[in-house]
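Convention: sequence-line order gives letters A, B, ...; per-chain numbering from 1.
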Protein chains: 2
Amino acid sequence: MERRRKVPNPLALAVLAWLLWEPMHPYELGRRLKQSGQDRQIHYTRSSLYMVMEQLTRAGFVAPQETVRDSARPERTVYAITDEGRHEVHDWLRTLLAQPRQEYPHFAVALSLLSLLPPDEAVEVLRRRSAALAGQIEETRTTVAEARADGLAWIYLVEEEYTIALLEAERRFVADLIESLKQPDYARSWQETMGDRT
Amino acid sequence: MERRRKVPNPLALAVLAWLLWEPMHPYELGRRLKQSGQDRQIHYTRSSLYMVMEQLTRAGFVAPQETVRDSARPERTVYAITDEGRHEVHDWLRTLLAQPRQEYPHFAVALSLLSLLPPDEAVEVLRRRSAALAGQIEETRTTVAEARADGLAWIYLVEEEYTIALLEAERRFVADLIESLKQPDYARSWQETMGDRT
DNA sequence: GGGGTCATGTAATAGGTTACATGATTCT
DNA sequence: AGAATCATGTAACCTATTACATGACCCC
């Protein structure tokens, strides 16, 4: 049902999208990703840029256009998007938007093991999380406000709004969870079930 | 500040947690993970179980205890957790709970490129997402209700509640976004900026 | 003009996924 | 008994990350 993308790494999508605009070499791509703030949504390293360019080339989504040797810097290969590449961006983007895919946040794994910690310890660490979340929310809000003050339209900040929405939901969840863990019946039943451990 | 874990894969945490209970061989681990529903929070394949066992062994968190050859099945190696392993579980779990880590949901990447789609197309795909989200929420609720009917305590379902909280936040976000995209000024400004493309 | 640090890329290594293998067991 | 499927593991292959390399520019 979900046929595999030839280059599934999301970095590849961003790269293709930039090449829609104009041909570029990998290092330049990196600069744009950083400047546009997309590095906050995409996990990558400089090396992975070279890797995906290679993969995209093999897949036929981009093609090396020319190799510039500007006689100082190392040789830079400039890549251009192909027609298949253009098709891939459009199709992939639609799919990504239309179909939620199972994500695996680390916090969920930790939650599934929460019963291992004594109740008061659990409350303590979750309080720390809550504070950290508040900080991240604040930070993201600031980023958005600054960009907007610079005249950037809301549509180019929508991914940050999404981030904020998720962070706030998590903060509320954690607050509720802390309350539940503080109930004396929880402490009691935890003692009963987990009391017998070294 | 954040020293790297020797075995950063979250599957390793779940494995260690199960071994706290009793020594096991990898295949058995797989069965437990599936039966306990942790496979909904952790991304892994059967092979990666063998891999992490190897990594955990190298790291000194587990040790092969005995190799059972029950003269029918292939040889199975039973692993036991070590003291360092016990320490690692506890420390890792606390860290994971206390410190939010940057996650990279695919949807955020797609959102950052939303401006590439014509407004009506964007609305259409987001509506499909919204419906899919509603389905997932419903499904998760059912899972929780069934488990609870079986007598499972809330603390063992807390990760599912978290999933639900995130899904609902996303659904609300998408609903709002759709409304924004339907505004006629958005269609107008999209035409102006993006009208000039093939 | 030697010490950072940009700019740019390659190579080595570790991690993870897919494909393959093989002897039970169970079904019809 | 042959087909399907379970139980279990290994090997081959990609992917991604870390480490290494190298020439310019820039700063006192």
Donor-acceptor pair under 3.5 Å: do we get one between R46(B)'s side chain and the base of dG9(D)?
yes
Atom pair distance, as rounded to whole Å: NE2 in H43(A) and C1' in dA16(D):
9 Å
Sequence neighbours left out, what passes salt bridge (charged side-chain N to carboxylate O under 4.0 Å, His left out) with R46(B)? Give chain and number order.
none
Would you mind listing every salt bridge (charged side-chain N to carboxylate O under 4.0 Å, His left out) that reaches into residues 149-160 of chain B, with sequence neighbours excluded?
R40(B)-E160(B)
Starting from P on dG9(D), measure out to CD on E54(B) and report it in whole angstrom.
13 Å
For E121(A), what residues pass the salt bridge (charged side-chain N to carboxylate O under 4.0 Å, His left out) criterion, not counting sequence neighbours?
R94(B)
Linking Ile, Leu, Val, Met, Phe, Trp and Tyr by side-chain heavy atoms under 4.5 Å, what else ends up with Y27(B)?
Y50(B)
Value in whole Å for how far the P atom of dA7(C) lies from OH of Y50(A):
12 Å
Could you go step by step and tell me if S112(A) and Q41(B) meet the side chain to side chain donor-acceptor pair (under 3.5 Å) rule?
CA-CA 8 Å; S112(A) 79; Q41(B) 268 73 49; 5.7 Å; no
Rounded to whole angstrom units, what separation is found between the CG atom of L49(A) and the C1' atom of dT15(D)?
14 Å
Of the residues in residues 25-35 of chain B, which ones touch DNA chain C at a heavy-atom distance under 4.0 Å?
none
Which pairs, protein N/O on one side and nucleotides 11-15 of chain C N/O on the other, fall under 3.5 Å?
from	atom 1	to	atom 2	distance (Å)
dG15(C)	OP2	R58(B)	NH2	3.4

Partners passing side-chain contact (heavy atoms from CB on, under 4.5 Å) against M24(A) (at least two apart in sequence or in another chain)
W18(A), L19(A), E22(A), E28(A), L29(A), R32(A)
Which side-chain N or O atoms in residues 166-177 of chain B pair as donor and acceptor under 3.5 Å with protein atoms at least two apart or in another chain?
from	atom 1	to	atom 2	distance (Å)
E168(B)	OE2	R141(B)	NH2	2.5
E170(B)	OE1	Y162(A)	OH	2.8
E170(B)	OE2	R129(B)	NE	2.7
E170(B)	OE2	R129(B)	NH2	2.9

Run the side-chain hydrogen bond (donor to acceptor under 3.5 Å, both in side chains) test against R148(A) and tell me which residues pass, sequence neighbours left out.
E161(A)
How close or far is atom C1' of dT10(D) from atom CE of M53(B), stated in whole angstroms?
16 Å
